[in-house]
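Structure below; questions to follow.
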2 protein chains.
Amino acid sequence: MKSIKISEAVVKRLPIYLRFLNELAMKNVLTVSSQDLGQKLNLNPAQIRKDLAYFGEFGKKGIGYDVNYLIEKIRQILKLDRQLPVALVGAGNLGRALCNYNIYLRDQMKIVAIFDVSADKINQTINNMNVQPMEHLAETIRAMKIRIGIITVPAAEAQNVANEFVKAGIEAILNFAPSILKVPPEIRVHHADFTAELQSLAYYLADDSEAQEEH
Amino acid sequence: MKSIKISEAVVKRLPIYLRFLNELAMKNVLTVSSQDLGQKLNLNPAQIRKDLAYFGEFGKKGIGYDVNYLIEKIRQILKLDRQLPVALVGAGNLGRALCNYNIYLRDQMKIVAIFDVSADKINQTINNMNVQPMEHLAETIRAMKIRIGIITVPAAEAQNVANEFVKAGIEAILNFAPSILKVPPEIRVHHADFTAELQSLAYYLADDSEAQEEH
DNA sequence: TAGATTGTTAATCGATTAACAATC
DNA sequence: TAGATTGTTAATCGATTAACAATC
């Protein structure tokens, strides 16, 4: 079928398009041009057209894109048109925050199971879910057909959790721990690394009086 | 002075190098080659050498890089060798989680002030800091010489917060809200967008029986 | 019809990787 | 000295942007 390899850069932009299109739909905007999209998202219109054209001819020449149709198509491409239950390991501050963010994910993609090692976390209730012990991980993942896992444990434990996820048949992992995971090549791992994000932000600060020069 | 433009991709890798070098230093490893680094970080050794060479000659031919010296140098490059106090707006679940993560940032970069609009959040204590009303933002930022701001408010309010930050003289923003911020070009904005991260992750799931085909 | 905008090819730009002389 | 590894140039690869025929 489609044999063209889609680059990661393209895939990462699709959720951005989707989000803005949803905003337009809520305002009852019916069509949008690549020009408009590019303006709002700080992207080149040609890039947006090219990105979308990888997956089909979604627009109308002279008109632009039908907002609702494009939403439907991008949701299909991203596989957001089906149930995608998510498991989370690590019921610390960050883990709890993400569970409470469920509201921001659409109904289809939702954290449905939470795990932790520590006895005092287990059986806590977070957003109507009971925190389960790690021993239940594989069983729950299979029973609930969970395919995506989130890791919010300390860096030192992240690899262990990843191993458990892989053993349990998870296909994709979002890792919030500041550590590089080693997983089989068929498992997809994305990093949400906000300490790295903050540190790279510091690079762009204007030089101040404390700037170090060789001497 | 240095007039070569360093690409964003290079800057984003520096914190990754730094983190692993710190791990090595804790294990009392004295030198490391680009080969070793590449292996552990899943990067091409030539890329690592080239990245570092933009900033100076930090290695020794035939030997590799002195771990502690390279840590020092990268910290200088990223401006992590000085005090970098950070302000956070939005004392919800995520904001609170980040404030408690202060431990993961090094002493130099630390969240030192928290703000929120809602009356029931103000004067709450988070990690020994009092949540302040937005009216104090500009004053506190100037008094504490804060240059970096974190936004953890709902998407609809993010732009307003960014505007306040800019007015108060913030130089760089890390935005956790799922929204595109419009700021003057001299302000650096990074996004920590985990819903987009999760959604793009779904793309890489294997096709299942529910996959939609045109018909 | 005239104006607008797509889909797509070609041109450009930038980032990654390979290769190797220099040298510890 | 021989082996290892850097810094750097050249080659490759991939992503972005420009341009334009097709067409609504």
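In what follows, chains are A, B, ... by sequence order, proteins preceding strands, each numbered from 1.
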- Separation of E8(A) atom CD from dG14(D) atom C1', in whole Å?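 It is 13 Å, rounded to the nearest whole Å.
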
- Does DNA chain D take part in any stems of at least 3 consecutive Watson-Crick or G-U pairs (both distances under 3.5 Å), and if so, which ones?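 DNA chain D forms these stems: C:3-24 with D:3-24.
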
- Item | Close side-chain approach of L18(B) to I71(B), heavy-atom, < 4.5 Å |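 Result yes, sub-4.5 Å side-chain heavy-atom pair found.
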
- May I ask you to evaluate whether Y54(A) reaches the phosphate of dA15(D), defined as a side-chain N or O under 4.0 Å from OP1 or OP2?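 Indeed not, no polar side-chain atom of Y54(A) lies that close.
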
- Task: For the residue pair Y203(B) and F55(A), categorise the inter-ring angle as parallel (less than 30°), tilted (30 to 60°) or perpendicular (more than 60°).
- Result: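 Because their plane-to-plane angle is over 60°, the rings of Y203(B) and F55(A) count as perpendicular.
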
- Item | Distance, rounded to the nearest Å, where K73(B) contributes NZ and dG7(D) contributes P |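 Checked: the NZ to P distance equals 13 Å.
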
- Message: If I take atom NZ in residue K61(A) and atom C1' in nucleotide dA4(C), what distance separates them, rounded to the nearest angstrom?
- Response: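 Those two atoms, NZ and C1', are 13 Å apart.
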
- Looking only at side-chain N and O atoms, does R49(B) come under 4.0 Å of OP1 or OP2 in dT6(D)?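 Looking at the OP1 and OP2 atoms of dT6(D), one of them is under 4.0 Å from a side-chain N or O of R49(B).
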
- Query: Hey, are the side chains of V67(B) and L30(B) touching, using non-hydrogen atoms and a 4.5 Å cut-off?
  - Reply: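 Contact flag for V67(B)/L30(B) side chains = no.
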
- Query: To the nearest angstrom, how far is D51(B) atom CG from dT8(D) atom C1'?
  - Reply: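 Roughly 14 Å, once rounded to whole Å.
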
- For the pair made of CZ in F55(A) and P in dT6(C), what is the distance, rounded to whole Å?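 So the CZ-P distance, F55(A) to dT6(C), works out to 17 Å.
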
- Are any of Y65(B)'s side-chain N or O atoms less than 4.0 Å away from OP1 or OP2 of dG7(D)?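 The answer is yes; a side-chain N or O of Y65(B) sits under 4.0 Å from OP1 or OP2.
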
- Message: Contact list please: residues 12-39 of chain B against DNA chain D, heavy atoms, distance less than 4.0 Å, in numerical order.
- Response: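 DNA chain D contact set from residues 12-39 of chain B: S33(B), S34(B).
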
